[in-house]
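Ligands are counted one by one from 1 in listed order, and the atoms in each one are counted from 1 as well. Numbers here simply count residues along the sequence, with the first being 1. We use all heavy atoms of the structure for the numbers below, so side chains are in, but hydrogens, waters and symmetry mates are not.
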Amino acid sequence: MPKGGYPIVAHGFEIFDQPPGRSIQEAVAEVPNDGLINCRGWFYNDQLLVTDPKTIAEVLVHKCYDFEKPAKARNFLARVLGEGLVLVEGDEHRFQRKHIMPAFSFRHIKDLYPLFWSKALEFNEVVAAAMHEDAEKAGGEQAPGSSGIIEMKHYANKVTMDIIGVAGLGRNINSLHNPDDELMKNFEEITEPTFEQVIYFAAYITFPTWLVENLPLRIARRQKITAANVRNIGRDFVKEKKGLIKSQSDNHKDILSVLIKSNDFSDDQLVDQALTFLAAGHETTSSALTWTSYLLATHPSIQSGLRAELRAAIPSLTSPPADLAATLESLPLLNAVCNEVLRLYPTVPVTMRNTVRTTLLGGVTVPAGTRIAIAPWAINRSPHLWGPDACVFRPDRWIDKATGQANNHGGAASNYSNMTFLHGPRSCIGQSFAKAELRALVAAFVSAFEIEMEDPSYVPMPAGVVTVKPRDGLRLRLTGLDGW
Ligand code: HEM
């Protein structure tokens, strides 16, 4: 049991932690344990943290379906995502996962690299225009070598939304070029990591739903409106896509088309899946791209080493090598940087489960209804699993000293030490998609710009309800680089 806590609420207030998972990280590092820590929540209810590879594997892999996401957290997200893959449980989950899996095959991801690359170049263009606009305002020049300020999170959201739009829904959402895109505006409002959102989420999962939803608060009203807007847009997308499939030749390869053609899903279920992929597939990678640019801005020698590696492998951004996938996947520092960012800033820092039946966990009998906390933020930064420099950004841990090639363990003894995408049947289905997308976006961005912090003393606060992003955004000074 960790120290601290308050009468009645015990450690319940830790739900407000910023960064989410901070107290869990301290508990995992400091409290002696055999794989489980009881960190009591409100009214002293048991809340178990799984801390070592063995108990983590029991929850995520060996007994995965003995654990479900807590109903209130599911209801909160279901207002937007419906009964899509992220939120269904048990047999329904097994069914959906099996039928959606083919859309994420190895081959399919390889085929997506040209899309990732072309959107990465579009992102560079839009960011360069914003940078020049800023430089002009500041009285600078519009030439290579000029620099300007941009807010990274905003543009990262747009490019990942545009990518998942095409890959997931076969639709050019084009939010990079359309500042008024309704879908983007609504999603940005829903996911903005404000303190108000964190409090509202905490209230939602703690108090009766009817009470919280009807509180006379601006955020309660706005959440209802934005959730309804997003669902209406999702309905239109599915209707249009079905029409297109009927009327045109059969060449649609996006995830939604695969699901429509399987005839396994009703129209409502298709809307749920479409919104699930839009939400799960854009916010997450966008956050990873934002943290990558922060870490590169604050580690200039790693940034220039990465740029040198990229320039040697890809002499021109506009005519990349024929097998772009193989090239990007083979670059040691690019892969090491992406892996290290995903380890240190896991986009989903904490996720919860409830036991659905009495079950044995780490040799302890755990009654049905017990809350289990799984904290990628804490496990990925645990000194017991990663060594004393667990919290340090050190991409070289992902490069084998002997061969100079990338490794996929980062020096940790177990793959359960890296929890960014979880493991087992409820792991992230989009893991390979996200890694490929991040590789391409980082490669193109770092090649084209020198990245610095606008204010070198600013330390962004990781914040959010489900995913973590810099709470007050990330303002970068970019300098366009010559010759690319
Ligand atoms: C850096 C990027 C990403 C990270 C860190 C990430 C992380 C995660 C995590 C931790 C989960 C499990 C959540 C839980 O059980 O509480 C998850 C599930 C999921 N993710 Fe991702 N994700 C990323 C990108 C993507 C992308 C690009 C897609 C789609 C194209 C996607 C689709 C999904 C889906 C559908 C699930 C639910 C899987 C299931 O329950 O069977 N994710 N993701």
> Do Arg426's NZ or CZ and the ring of Tyr65 fall within the cation-pi criteria of under 6.0 Å and 45°?
Replying inline: no
> Got a sec, which residues hit side-chain hydrogen bond (donor to acceptor under 3.5 Å, both in side chains) with Trp398, two or more places apart in sequence or on another chain?
Replying inline: Glu340
> Under a heavy-atom criterion of less than 4.0 Å, does Lys69 contact ligand 1?
Replying inline: yes
> Just heavy atoms, cut-off under 4.0 Å: does Ser427 contact ligand 1 by side chain, backbone, both, or neither?
Replying inline: backbone
> Which ligand 1 atoms are under 4.0 Å away from a heavy-atom of Phe104?
Replying inline: 30 (C)
> Salt bridge check: are Lys119 and Glu437 linked by an N-O gap of less than 4.0 Å?
Replying inline: no
> Looking at ligand 1, does Arg94 have a heavy atom less than 4.0 Å from it?
Replying inline: no
>> Checking the N or O distance criterion of under 3.5 Å, is ligand 1 in contact with Thr285?
In response: no
>> Heavy-atom pairs closer than 4.0 Å: do any link ligand 1 to the side chain of Ile164, the backbone, both, or neither?
In response: side chain
>> What protein N/O/S atoms are there under 2.8 Å from atom 21 (Fe) of ligand 1, waters excluded?
In response: Cys428 SG
>> Looking only at protein heavy atoms, which one is nearest to atom 15 (O) of ligand 1, and what is the separation?
In response: Arg353 NH2, 2.8 Å
>> What protein heavy atom lies closest to atom 1 (C) of ligand 1? Include the residue and the distance to one decimal.
In response: Leu342 CD2, 3.7 Å
> How about Asp272 and Val88: do any of their side-chain heavy atoms sit closer than 4.5 Å?
Replying inline: no
> Between Asp91 and Arg94, is there a salt bridge with N-O shorter than 4.0 Å?
Replying inline: yes
>> According to side-chain hydrogen bond (donor to acceptor under 3.5 Å, both in side chains), who are the partners of Lys242, at least two apart in sequence or on a separate chain?
In response: Asp267
> For ligand 1, which atoms have a heavy atom of Thr420 less than 4.0 angstrom away?
Replying inline: 5 (C), 7 (C), 10 (C)
>> Donor-acceptor pair, distance only, cut-off 3.5 Å: does the side chain of Glu89 make one with the backbone of Lys69?
In response: yes
>> Using the side-chain hydrogen bond (donor to acceptor under 3.5 Å, both in side chains) criterion, which residues pair with Asn124? Sequence neighbours excluded.
In response: none
> Are Phe123 and Ile163 close enough that some pair of their side-chain heavy atoms sits under 4.5 Å apart?
Replying inline: no
> Would Leu259 and His99 count as a side-chain contact (heavy atoms from CB on, under 4.5 Å) if you check the C-alpha gap in whole Å, the side-chain angles of each, and the deciding distance to 0.1 Å?
Replying inline: CA-CA 8 Å; Leu259 302 188; His99 288 84; 5.5 Å; no
> For ligand 1, is there an N or O atom under 3.5 Å from any N or O atom of Arg97?
Replying inline: yes
>> For Glu89, which part has a heavy atom under 4.0 Å from ligand 1: side chain, backbone, both, or neither?
In response: neither
> Taking atom types as modelled and ignoring hydrogens, do the side chains of Gln96 and Glu92 form a donor-acceptor contact shorter than 3.5 angstrom?
Replying inline: yes
> Looking at ligand 1, does any of its N/O atoms fall within less than 3.5 Å of an N/O of Glu437?
Replying inline: no
> Around atom NZ of Lys185, are there more than 12 heavy atoms of other residues, nucleotides or ligands at under 6.0 Å?
Replying inline: yes
>> Show, in sequence, the C-alpha distance, side-chain angles and deciding distance for Asp162 and Lys158, and conclude whether the salt bridge (Lys or Arg N to Asp or Glu O under 4.0 Å) test is met.
In response: CA-CA 6 Å; Asp162 287 357; Lys158 283 173 176 270; over 6 Å; no
>> Please report whether ligand 1 has a polar contact with His93, defined as an N or O pair separated by less than 3.5 Å (distance criterion only).
In response: yes
> What residue and heavy atom of the protein are closest to atom 16 (O) of ligand 1, and at what distance?
Replying inline: Thr351 OG1, 2.5 Å
> For atom 12 (C) of ligand 1, what's the nearest protein heavy atom and its distance?
Replying inline: Leu422 CD1, 3.6 Å
